[in-house]
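Chain identifiers are assigned alphabetically (A, B, ...) following the order of the sequence lines, protein sequences preceding nucleic acid strands; residue numbering begins at 1 within each chain.
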Amino acid sequence: MSVVHGIIGSGLPQILLAPEKNPGWSEVREGYERARERLEASEADLLIVYSTMWPSVIGHQIQADPEPEWVHVDELFHDLGSIPYRFDIDSEFAHQLREIAEARGLQARTIAYHGFPIDTGSVVALKLLNPNNRIPAVILSSNVYADRAETVVFGKAVRAAVERAGRKAAVVAVTSLSNRLFTDWIDPADDRIHSLKDDEWNQKLLEFLRAGRLEDTAQLSRQIHRQIRVRKVVNFKPMWWLSAVMGQHNNYTGDVHAYAPVHGTGAAVVTLVPSQAGFGDKEYDEDDVEVYAGDREVLG
Amino acid sequence: MSTGRIVAGALAPHPPHLVYADNPPQNEPTSECGWEMLRWGYERLAKDIAALEPDVLIVLSPHWQTYIGTHFLGVPHFASKSVDPVFPNLFRYHYDLKVDVPLAEAIEERARAAGLVTKMMRNPDFRVDYGTIVSCHLTRPQWDLPIVSISSCRATSYYNVDVMQEQQMALARATREAVVASGRRAVLLASESLSHRHFVTESAVPEDMSNEHITNHHQYLWDMKLVEMLRRGESRRVVDLMPEFTEQAVSESDSGALTWLLAAMDYPDYPAELYAYGSVIGTGNAVMSFIPPEEA
């Protein structure tokens, strides 16, 4: 088994820097604690983070700096404070992944530059899930132009790289569920999910994930994007990636460790562990794809 | 007593490729050449701006993206390294810049009074975004002027271009009033491309100009339409057209930078000066100035 553990977690900085300011933020922080404990018990020897908060344009970027170190400040919530970090990155795996991704038709490149701005979501997830750098990590970008086929192929490339390396990987999708922030400052005590509609959709997604229905959730991505995502990118991609890297099925033990609002967004922490029991496959609308064939000159 | 005023505005796009190709000592990577028409155009813009003897550059950048209101740098001095998250192979720039905090605070105060959501950025560890740095570097390479750096409130994403423009018009009034009250001679920089569809691949030699062209003809037509209108002094029509242009050209005007610039200059009806138009990794970029006739 190559990918032994999956985690979904919000990447907003309140969870790391100010959990005490709101009971819900504390709940998400405690959820991360439980997810960390489960991760440590999982035997994973590699931690792969796909962050929706790291946008890329030139294909898929893979962090390969062995020891990135910086003091990070979020561009929006800068008043919450600074986040010093130093991570242990598995540079060798990063390069292997790039080769496999390219062989599947993807544009991919490794990134190893001092001072590269690792995104808030990756920093939050790694600080909370892997605080002592016990497990070497790799961080992956989310391409702004990629849609389903490209994202699924990227997930499969990651899985293939893990298998070829003979590793046991835990994979993390850094994403909010609904992502509509309040557009004004709020008293943290007044935080709530932005709308009842967002909350109902979030609850539906968590119901699926609790039942281990990851591929079903992935198949709903376009609908999720229309219903509860602010249109910043072409589509809601993290579930496509996560399901592809974990094997595209519905057979997991799902645990929702936390769900609460963070400045209006739906912030959750979920663990998915492959299991023999599960929900089984459905009849899917979306095609499967193994190799990315590009935009086929649609824009030419 | 002389009052402050906006002595010029510039459409000052921020492709990091231009700094990379320019090989300034602050940037770690080096190049052989590249994007000369745009860089030489920027040189002429810098010369014209210098002749106006400004006191401060005020820049609005799409790469400081804020979803809760408009933010302003509020620390007097920043020195660090900016690495472009998208093109880190091209832009790793050591910056050392001063901020005109009193002017930033004055704009913020007026914007807040006008009903906008605002925030002063007081964290000294904050990293200044590369859009601000690229536009300021190319407009004033000697870095001898303080800047005011304004974030891009992403109202286009949350609502639409019309809402974004209403907010930018309010911010523009606040900017103009604060500049007048400050006694400064200010230059405004709208740090944005026009059409903004990138290639998703990069040449082995990034400055290989044989691979550079606009992503598609459709975008080029929209860019030329806008450039021609600005060259005829039809800035109000440009603002009216902005929702359509932003969608059709996948334009970085979704940031609000150009709307803010034109509104702050009270919608110039005199011809803008075009120094250069060119593509950078498929996006359309125009370097243009708006210099009021009384300043020319």
Considering only heavy atoms, which portion of B:His63 lies under 4.5 Å from any heavy atom of chain A: side chain, backbone, both, or neither? backbone
Walk me through it: do A:Asp187 and A:Lys21 pass the test salt bridge (charged side-chain N to carboxylate O under 4.0 Å, His left out)? CA-CA 9 Å; A:Asp187 183 332; A:Lys21 290 187 176 178; over 6 Å; no
Can you tell which of A:Phe182, A:Trp54, A:Trp70 has the highest number of heavy-atom pairs within less than 4.5 Å of chain B? A:Trp70
Contacting moiety of B:Asn89, where chain A heavy atoms sit under 4.5 Å: both
Check whether the ring centres of B:His213 and B:Phe199 lie less than 6.0 Å apart, and answer yes or no. yes
Check: B:Trp64 ring centre within less than 6.0 Å of B:Phe72 ring centre: no
Would you call A:Asp79 and B:Lys119 a salt bridge, taking side-chain N to carboxylate O under 4.0 Å as the test? yes
Please find out if less than 6.0 Å separates the ring center of B:Tyr67 from that of B:Tyr158. yes
Answer key: most heavy-atom pairs under 4.5 Å with chain A among B:Val86, B:Thr66, B:Thr156 is B:Val86
Select, from A:His263, A:Arg180, A:Arg231, the one with the greatest count of heavy-atom pairs under 4.5 Å involving chain B. A:Arg180
Among B:Arg92, B:Gln219, B:Arg127, who wins on heavy-atom pairs under 4.5 Å with chain A? B:Arg127
Looking at A:Val71, A:Asp74, A:Leu76, which makes the most heavy-atom pairs under 4.5 Å with chain B? A:Leu76
Can you tell me how far OH of A:Tyr50 sits from CD1 of A:Ile62, rounded to the nearest 0.5 angstrom? 12.5 Å
Return the minimal non-hydrogen interatomic distance between B:Pro24 and B:Val19, and the atom names on each side. CD-O, 3.1 Å
Least distance between heavy atoms, A:Pro136 atom then A:Asp90 atom: CB-CB, 4.0 Å
Near-ring test B:Tyr93/B:Phe91, centroid separation under 6.0 angstrom: yes
Most heavy-atom pairs under 4.5 Å with chain B, out of A:Ile118, A:Asp119, A:Thr183, belong to A:Thr183
Whatever's closer than 4.5 Å to a heavy atom in chain B on A:Phe116 counts as both
Under 4.5 Å to a heavy atom of chain A? For B:Tyr159 that would be side chain
Contact part of B:Phe87 toward chain A, heavy-atom cut-off under 4.5 Å: side chain, backbone, both or neither? both
Assess the pair A:Trp185 and B:His71: is the distance between their ring centroids shorter than 6.0 Å? yes
Name the member of A:Gly115, A:Ala146, A:Pro117 that forms the most heavy-atom pairs with chain B at distances under 4.5 Å. A:Pro117
Please look at B:Glu28 and chain A and tell me whether the side chain, the backbone, both or neither of the residue comes under 4.5 angstrom of a heavy atom of that chain. neither
With a 4.5 angstrom heavy-atom cut-off, is it the side chain or the backbone of A:Gln61 that approaches chain B, or both, or neither? side chain
Give, as side chain, backbone, both or neither, the part of A:Ile58 having an atom under 4.5 angstrom from any heavy atom of chain B. both
